[in-house]
2 protein chains.
Amino acid sequence: MATGQTPTSGTTIYSVAERAGVSIASVSRVLQGSTAVSEKTRRRVLEAADELRYVPLAAARSLAVRHHEAHGLVLPELSGPYYSELLMGFESRAAELGQSVVLMLAEGKHDLVRAVRKLATRVDGLAMLGSAAIPEDTVTALHGSKPVVLIAGDPRPDVDSVTSENTGSAAEITSHVLRHGRTQVLFLGDPASGPDVRDRYAGFVAAHESARRVAAEPVRIPLRERDGTAFAERMLAGDLSADALVCANDELALAVMKRLREGGRTVPGDLAIVGWDDVMTARYVEPGLTTVRQPVRELGAIASDRLHQRITGAVVGVEPQVIPTSVVIRSSCGCPPRADPG
Amino acid sequence: MATGQTPTSGTTIYSVAERAGVSIASVSRVLQGSTAVSEKTRRRVLEAADELRYVPLAAARSLAVRHHEAHGLVLPELSGPYYSELLMGFESRAAELGQSVVLMLAEGKHDLVRAVRKLATRVDGLAMLGSAAIPEDTVTALHGSKPVVLIAGDPRPDVDSVTSENTGSAAEITSHVLRHGRTQVLFLGDPASGPDVRDRYAGFVAAHESARRVAAEPVRIPLRERDGTAFAERMLAGDLSADALVCANDELALAVMKRLREGGRTVPGDLAIVGWDDVMTARYVEPGLTTVRQPVRELGAIASDRLHQRITGAVVGVEPQVIPTSVVIRSSCGCPPRADPG
DNA sequence: CTGTTAGCGCTTTCAG
DNA sequence: CTGAAAGCGCTAACAG
């Protein structure tokens, strides 16, 4: 009742060695594709392993080589394309580097810190999203025992980090909206929710400043669909007024836009709306959503790379790596529709 | 140059024991929250572990307990909400069961079989998507040495499987379209690409039969955006004609619909279009896309559960588990728009 | 309640 | 080219 009917389990390197009539050392050698082994030995070992359906035990190897050959990744959750893309980039680079990836989702964990600690137990290094809400000091502690890289987090002097550019493109997209003659523009998103939103808001403010205008306080709401809908209701009810909305992500922008139009407002007529992320829906809605595209996949790959460098001790500086983004103009900002970019 | 500056590395259970002035057994005991340990000992151990920033080595534990405490998951890739949802369900259940999840994406792997084998090396059991394209015999071999559960794959007599219902809902949605008076309905998707598309097509055929009509041959195209666009071009060029399209997923349906409307066709006027998956965009487009919703998250959770049962030897039958889906009616099928469901 | 002592399965010198 | 043997760090009897 303890191990079930695990079929051919219990086959170890010893069984294989015995069956092949060689020593375990030889088995190990051929299985590692290691140095000079006679063709005869190799053949016999491979055959025996095959017949026995031998599956090595990674734990034993890890213990012996003192390496897990695995990267840990902590994501907040997985809805929307952002984290998926990131994960794809991460996994694929990790695989190229011969590393497994063990994944943990922060959302819904009773004891996040405990979970992260446990994760740290079985990997050679850890990458985590800034938005995963891991306490600062936990990060510090972790980083004290194995390499950590922060993705889209607050750069810290002691920890590696890779992020995509926020402030500049936020300023750019905001300026764009301003140049359309909008005068009451609101920023939707909570700068306190994480460094990326914070930096986007900073760009929003900067754009206003360079236009000699004063930026409104941010509308501090979460970035989910329901929050956008709720916000739109408030606008429709006349609680707030604006002629342009700079949203901290597309999900929010899309939800707001949908509800507003249902309520009779026109976009970009009554309101210009722009988002962030360039999700798939952004180019399917009418009007197409003007937004900012980030090379998320690459971000994931770079994180894995960086982690691997640290693990293997390749010397790397700690300068945070920031990768560029680009503004995608469609028509929700007030520009005329054009052939769809993307 | 080999291990970098891994800070407090090298701390083992021995160092902790020494520092706490107890035996390694005691350390192990308190760290496992095990049986009776004096409060004093516990405190000292915890303190020492903390000071030393002790991070246990999972590999050593695994070796000793002969258990990885990890579930492997093989997904084809991660674009779109389907796999993400699945993964979220899987991860969260696994976490509840105290299992880590090590993830592998099939797409882009040079040597998939090899990669899966390697994965098998470090987990107690494996769940994989039917669409991940793992060769039959590899599955068999794997399953010969540790538990395997197939998700949305072809039920096999020997392997556990969990899938969501396909044929029935395909028949239902097709009948729905037929009842709108459509007479030339096409199925988009390649039944040979996997069991789910195959079963959906079977439902499509069944619906025609029970309406005493003959179902058209499937339009064998992949389920991606670009394929939908290309298909729409063909329709616009007059290569094909139809008054309704049953698409094997939403991505396809959405792309076709978009291109067709750009080309001047109306939906559902000229053509009714329905999809599968109920992705986010489905309710944002105009007209809203009629589609089939699957409880994907639950599917993931069930897979993890099932795997765990098998691993722990809880007796479970091999009857494939199939979980129900539901048709979501919006207006792309020809129904009048209504308050948005969902 | 605590310490001693065998391993867990694999890699890796070190001799031959 | 091959085998013997010494661990890797941790858990789990088994004695005290």
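Just so you know, these numbers come straight off a predicted model, no measurement behind them.
In the interface, the side chain of Tyr14(B) is paired with the base of dC10(D) through a donor and an acceptor atom under 3.5 Å apart. The base of dG3(C) lies close enough to the side chain of Arg29(B) for a donor and an acceptor atom to sit less than 3.5 Å apart.
The interatomic distance linking Ile24(B) (CD1) with dA13(D) (C1') rounds to 13 Å, in whole Å. Computed from coordinates, the Gln32(A) CD to dT12(C) P distance equals 7 Å when rounded to whole Å. What separates NE2 of His68(A) from P of dC8(D) is a distance of 16 Å, to the nearest Å. Per the geometry, CG belonging to Leu57(B) stands 17 Å off P belonging to dG9(C), to the nearest Å. Lys40(B) places its NZ atom 11 Å from the C1' atom of dT2(C), with the value rounded to the nearest Å. The distance between atom CZ of Arg122(B) and atom C1' of dC10(C), rounded to the nearest whole Å, is 14 Å. The nearest whole Å value for the distance from the CG atom in Leu31(B) to the C1' atom in dT11(D) is 12 Å. Computed from coordinates, the Arg43(B) CZ to dC1(C) P distance equals 14 Å when rounded to whole Å.
Residue Ser26(B) has no polar side-chain atom (N or O) positioned under 4.0 Å from OP1 or OP2 of dC1(C). Residue Ser28(B) has no polar side-chain atom (N or O) positioned under 4.0 Å from OP1 or OP2 of dC10(D). Under 4.0 angstrom from either OP1 or OP2 of dC8(C) there lies no side-chain N or O belonging to Thr12(A). Between Ser23(A) and the phosphate of dA4(D), there is no side-chain N or O to OP1/OP2 separation shorter than 4.0 Å.
Contact check for Leu73(B) versus Met128(B): no side-chain heavy atoms found under the 4.5 Å cut-off. Side-chain contact between Gln99(A) and Val123(A) is absent, with no heavy-atom pair separated by less than 4.5 Å. Looking only at side-chain heavy atoms (C-beta outward), Lys146(A) and Asp124(A) stay at 4.5 Å or farther from each other. In this structure the side chain of Leu87(A) reaches within 4.5 angstrom of the side chain of Leu87(B), judged on heavy atoms.
Between Val65(A) and Ser38(B), the residue anchored nearer the 5' end of DNA chain C, judged by the nucleotide with its closest heavy atom, is Ser38(B).
Side-chain contact of Tyr14(A) with Ser23(A): a donor-acceptor pair under 3.5 Å is absent, judged by distance alone.
Across all strands, Val22(A) comes closer than 4.0 Å only to sugar-phosphate atoms, never to a base (heavy-atom distances). At a threshold of 4.0 angstrom between heavy atoms, the contacts of Thr41(B) are confined to the sugar-phosphate backbone, with no base atom among them.
A salt bridge does not link Arg43(B) with Glu47(B): every distance from a Lys NZ or Arg NE/NH1/NH2 to an Asp or Glu carboxylate oxygen is 4.0 Å or more. Ionic pairing of Glu91(A) and Lys109(B) is present here: one or more N-O contacts between side-chain nitrogen and carboxylate oxygen are shorter than 4.0 angstrom. Look at Glu69(A) and Arg61(A) and you find a salt bridge, because one of the NZ, NE, NH1 or NH2 atoms lies within 4.0 Å of a carboxylate O, short of that distance.
Considering only the side chain of Arg66(B), dG9(C) comes nearest among dG9(C), dT4(C), dT2(D). Among the nucleotides dT11(D), dG9(C), dA12(D), the one closest to any side-chain atom of Arg61(B) is dT11(D).
Across its full length, the helix from dC1(C)-dG16(D) to dG16(C)-dC1(D) shows an angle of 30° between the axes of its 5 terminal pairs at either end, rounded to 10 degrees.
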